[in-house]
Amino acid sequence: ITDADTDLVVLEHNSDLLDANETISWLHVETDASAATDYAGIIPNATDAELVDKIHYTNCSEDIDVRIDGTIVDKETNTTISSNSIATTFTAGSGEAQMNFVFDSTPYAGKSLVVFEKIYMTVDGEDVLVAQHTDINDVRQTVLVPSISTKLVYSKDGVGYKIVPRGIEDVTLVDYVTYSNVKAGDPWTLTATLMNKTTSDPVLDADGNAVTVTHTFTPTSDTGIEPVNINFTRTISANMLYADDNWVCVETLSSAIPAI
C-alpha cells in the first residue's frame with residue numbers, strides 16, 4: 001500500500017478507534033457546593049459554618065492519585081476566604097470525591113460565596129494541573145450566607161415610637177426584620193427575645209417569664225422585611241417608673257439549617 005501524500009509504502013495501518021492503547025483522555029470535572037446539611041445552596045451565618053463541595057469526575061482513563069486544592073472566594077471581590085487541600089485517588093471511569101470547609105461566615109452575611117477547585121497529578125516528580133473548575137458565575141458552585149437586621153419600636157395605634165411610656169403595663173412592640181439571602185417559598189422562623197441592654201438579662205413579663213416570641217413566615221422573595229409582634233404584660237413597681245431601662249431585641253432566623 002502506498003501513501004498518496006508521501007509516496008511512502010505503508011507497512012502497517014492501525015485505524016481501530018476503540019484501541020485503548022492508542023487512546024488518551026481529557027478528565028472532566030463538575031462540582032456542587034452546599035451546606036453540610038444540604039440546604040439548597042444556603043449556609044449558616046456562623047463562626048463554624050461548614051461547606052461541602054462534591055467533585056464529580058468522568059472520562060478518567062485509569063486510576064490516578066490526585067491532589068485537590070479548593071478555595072472559597074467572595075464573589076463580589078474575588079478574594080479568598082478559606083482554602084483546603086486533600087489527596088485522593090480517582091478510579092478509572094467516573095466517580096466522586098468530597099472536600100469539606102469549616103470557616104467563619106459571619107463577616108460575609110448577605111453575600112454570595114463561590115468554591116473553586118484545581119486538581120493536580122504528579123508526573124516525573126512535578127505537579128501537573130489536569131482539571132479545574134473556577135467559574136465565578138457557576139450557580140452550582142455558589143452558596144449564600146443569610147443576613148438579618150432589625151428595628152424595634154413601641155407600637156401605639158399603628159404608629160412606631162422609639163420610647164416606651166413609663167408606667168404602661170400592656171406593652172406592644174414590633175421588631176421589623178430585614179432579611180436577605182433566604183430561599184423564597186420555604187418556611188422560615190424568627191425567634192425574638194427581649195433583653196435589658198444595661199444588665200444583659202432577659203426582660204420578664206408579669207409572670208416572671210422571659211419575653212420571647214416565635215414567628216414563622218414564608219417569604220415570597222429572597223429579600224424583604226418581616227414584622228414580628230411582641231405583646232406582653234409587665235408588673236409596674238415604683239422603682240420601675242424611674243428605672244433607666246433600655247431594651248434590645250435579639251433575633252435568630254432558622255429553617256432547615258441551624259439558626260443564624
Side-chain angles (χ1 to χ4, degrees), residues 1-44 48-105 108 111-145 256-257:
I1 302 174
T2 302
D3 190 312
D5 294 329
T6 63
D7 293 330
L8 296 177
V9 176
V10 178
L11 300 178
E12 181 68 24
H13 182 62
N14 186 355
S15 60
D16 183 3
L17 297 181
L18 301 178
D19 188 345
N21 292 325
E22 286 295 292
T23 302
I24 59 174
S25 301
W26 294 96
L27 185 66
H28 179 70
V29 172
E30 295 183 359
T31 56
D32 288 290
S34 67
T37 50
D38 198 25
Y39 184 75
I42 296 176
I43 65 172
D48 58 350
E50 185 174 2
L51 185 152
V52 175
D53 198 27
K54 294 181 179 180
I55 300 101
H56 314 279
Y57 63 87
T58 57
N59 209 36
C60 188
S61 58
E62 59 184 352
D63 293 357
I64 56 173
D65 294 328
V66 299
R67 188 188 80 236
I68 304 174
D69 291 347
T71 56
I72 303 175
V73 300
D74 181 336
K75 184 175 182 179
E76 181 181 3
T77 64
N78 202 18
T79 55
T80 298
I81 295 170
S82 181
S83 60
N84 195 9
S85 182
I86 62 171
T88 187
T89 299
F90 284 178
T91 57
S94 61
E96 180 180 292
Q98 179 172 303
M99 175 177 286
N100 290 43
F101 301 83
V102 179
F103 66 104
D104 182 2
S105 68
Y108 308 99
K111 288 197 169 190
S112 299
L113 309 181
V114 185
V115 185
F116 291 165
E117 304 284 4
K118 292 185 177 181
I119 301 171
Y120 298 86
M121 64 179 293
T122 302
V123 179
D124 295 332
E126 294 185 3
D127 289 339
V128 177
L129 181 66
V130 293
Q132 65 179 339
H133 194 182
T134 56
D135 181 1
I136 201 165
N137 295 312
D138 188 346
V139 175
R140 291 171 58 183
Q141 281 300 97
T142 303
V143 295
L144 307 177
V145 184
I257 57 176

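In this chain, numbering begins with 1 at the start of the sequence shown. Since the structure is predicted, the reported quantities are computational estimates derived from the model, not experimental observations.
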- Item | Ile68 and Phe90: CA distance, side-chain angles, deciding distance, side chain to side chain contact (heavy atoms under 4.5 Å, CB included) verdict | CA-CA 11 Å; Ile68 304 174; Phe90 284 178; 4.1 Å; yes
- For Thr31 and Val115, what are the C-alpha separation, side-chain angles and deciding distance, and is it a side chain to side chain contact (heavy atoms under 4.5 Å, CB included)? CA-CA 9 Å; Thr31 56; Val115 185; over 6 Å; no
- After noting the C-alpha distance and the side-chain angles of Thr91 and Tyr57, does the key distance pass the side chain to side chain contact (heavy atoms under 4.5 Å, CB included) rule? CA-CA 10 Å; Thr91 57; Tyr57 63 87; 3.3 Å; yes
- Message: With side chain to side chain contact (heavy atoms under 4.5 Å, CB included) as the criterion, how do Gln141 and Asp53 come out once you've worked through the C-alpha distance, each side chain's angles and the decisive distance to 0.1 Å?
- Response: CA-CA 8 Å; Gln141 281 300 97; Asp53 198 27; 3.0 Å; yes
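More than 12 non-hydrogen atoms from other residues, nucleotides or ligands lie less than 6.0 angstrom from NZ of Lys75.
The shortest side-chain heavy-atom distance between Ile43 and Phe103 falls under the 4.5 Å cut-off. Two residues are said to be in side-chain contact when any heavy atoms from C-beta on lie closer than 4.5 Å; Ile55 and Val29 meet this criterion. Side-chain atoms of Ile136 and Phe116, non-hydrogen and from C-beta on, do get closer than 4.5 Å to each other.
Between Leu113 and the choices Leu144, Val73, Ile81, the side chain to side chain contact (heavy atoms under 4.5 Å, CB included) rule is met once, by Ile81. Screening Val114, Thr79, Thr80 for a side chain to side chain contact (heavy atoms under 4.5 Å, CB included) involving Asp74 leaves a single residue, Thr79.
For the residue pair Ser112 and Thr142, the shortest heavy atom distance occurs at CB-CG2, 4.0 Å. Minimum interatomic distance between Glu30 and His28 (heavy atoms only, all atoms of both residues): OE2-NE2, 3.2 Å. Considering every non-hydrogen atom in both Asp32 and His56, the closest pair reads OD2-NE2, 3.0 Å. In this structure, Leu27 and Cys60 approach most closely via the heavy-atom pair CD1-CB, 3.8 Å. Closest non-hydrogen pair, Ile119 versus Leu129, comes out as O-CD1, 3.4 Å. The minimum heavy-atom distance linking Val145 with Pro44 is given by the pair CG1-O, 4.4 Å.
Annotation: side chain to side chain contact (heavy atoms under 4.5 Å, CB included) contacts of Ser85 (sequence neighbours excluded): Arg67, Asp69.
With values rounded to the nearest 0.5 angstrom, Met121 atom CE is found 5.0 Å from Ile64 atom CD1. Rounding to the nearest 0.5 angstrom, the gap separating the OG1 atom in Thr88 from the CE atom in Met99 is 10.0 Å.
Thr122 and Asp127 share a side-chain donor-acceptor pair at under 3.5 Å.
Asp48 places no side-chain N or O within 3.5 Å of a backbone atom of Val102 that could act as its donor or acceptor partner.
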